[in-house]
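Order of the sequence lines sets the chain letters (A, B, ...), proteins ahead of strands, with each chain counted from 1.
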Number of protein chains: 2
Amino acid sequence: MAYNKKEEFTQKEQDLAAFAKAMSHPARIAILKVLAQRNECICGEIVDLLPLAQSTVSQHLKELKTAGLISGSIDGPRSCYCIDWKAFEKFNNEFNFLFTKLKVNNEKACC
Amino acid sequence: MAYNKKEEFTQKEQDLAAFAKAMSHPARIAILKVLAQRNECICGEIVDLLPLAQSTVSQHLKELKTAGLISGSIDGPRSCYCIDWKAFEKFNNEFNFLFTKLKVNNEKACC
DNA sequence: ATCTTATATCGCAAATATACGATTAATAAA
DNA sequence: TTTATTAATCGTATATTTGCGATATAAGAT
């Protein structure tokens, strides 16, 4: 694109979009699912569960971490990851505020 | 990428990812916000509210419509759009099922 | 000290997404 | 019928994402 216009939107809009973006790939949904079920998980186990190369999984993990959806710590030669529940709660609140609360006023759809 | 591996994930994972993807740009969040507040909205009004060209807004609207987050109908020479609340409800349920329900079992984070 | 194991990072190719101007299509107004 | 208005689509440039193999890094095992 000629210019990147993302900065011209409000911070909340950007934050919500960034969170959604982190979840916008099935591989990352799958990773989050595993982490949600196990509380903690070693990178290698995730690699075994996904149909992707190790380097690709590592990249997805990095994206999730950068976006703040998960946290990770080094555990000897391994890396342990888990979900940042607080971030999810925050997103869920924002999301519901935008798209559920307002629904009450507008039941009758026009189209 | 050499190959698109998205199809190798479960349908639910793909669906959730597709929904998140539709919300993964601040412009589309902004559009959804407007529609949530107004119940219905003409394309032109949205164009006026966003810092983007008409063709770009139209493209974003198309993406939202294709992903099923909004519906639209032609109203004379204009197009009227509104949120598909059912789709949001479905997404919210899936999302909560994955990322909130399971939280109860796993309060103690490791990292 | 060397070897193994686990993970992150780099470099690259291919696929997608973003943005715009120009054009088209379709209705309303004159 | 001609003209204006509204919105969709096309073509194109650029940016970003996805994916992999190869390489680097770092800790544990021998």
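- Between A:Phe9 and A:Cys43, it is A:Cys43 whose nearest contact on DNA chain C lies nearer the 5' terminus.
- In this model, the phosphate group of C:dT16 is not approached by any side-chain N or O of B:Lys6 to a distance below 4.0 Å at OP1 or OP2.
- Atom CG in B:Leu52 sits about 16 Å away from atom C1' in D:dA8, given to the nearest Å.
- Taking only side-chain nitrogens and oxygens, B:Lys5 comes nearer than 4.0 Å to OP1 or OP2 of D:dC20.
- DNA chain D lies under 4.0 Å from at least one heavy atom of each of the following residues of residues 56-68 of chain B: B:Ser58, B:Lys62.
- A straight line from CZ of A:Arg28 to P of D:dT16 spans 15 Å, rounded to a whole angstrom.
- Closest non-hydrogen pair, A:Trp85 versus A:Ala36, comes out as CH2-CB, 4.0 Å.
- Taking the six-membered ring where the residue is Trp, the centroids of A:Phe95 and B:Phe91 are separated by under 6.0 Å.
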If the sugar-phosphate is the primed atoms plus P, OP1 and OP2 and the base is the rest, what is the B/S/- string for nucleotides 22-30 of chain C, using protein heavy atoms under 4.0 Å?
B----SS--
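- Between B:Asn4 and C:dT16 there is a side-chain polar atom (N or O) within less than 4.0 angstrom of OP1 or OP2.
- As a whole-Å value, the separation of B:Leu50 CG from C:dA19 C1' is 13 Å.
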Distance-only check: which donor-acceptor pairs under 3.5 Å involve side-chain atoms of residues 50-59 of chain A, not counting sequence neighbours?
none

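- Between A:Pro26 and B:Lys6, the closest heavy-atom pair is CG-CG, 3.8 Å.
- For residues 7-24 of chain A, the salt bridge (Lys or Arg N to Asp or Glu O under 4.0 Å) pairs, not counting sequence neighbours, are A:Lys12-A:Glu94, A:Glu13-B:Lys33.
- For the salt bridge (Lys or Arg N to Asp or Glu O under 4.0 Å) condition, the pairs that include at least one residue of residues 51-64 of chain B, sequence neighbours left out, are B:Arg28-B:Glu63.
- A donor-acceptor contact shorter than 3.5 Å links the side chain of B:Asn96 to the backbone of B:Asn92.
- A:Leu32 CG to A:His60 NE2: the interatomic distance, rounded to the nearest 0.5 Å, is 11.5 Å.
- Look at B:Tyr81 and you'll find a side-chain N or O under 4.0 angstrom from OP1 or OP2 of D:dA8.
- Evaluation of the side-chain contact (heavy atoms from CB on, under 4.5 Å) rule for B:Ser71 yields A:Cys111, B:Cys82 as partners, not counting sequence neighbours.
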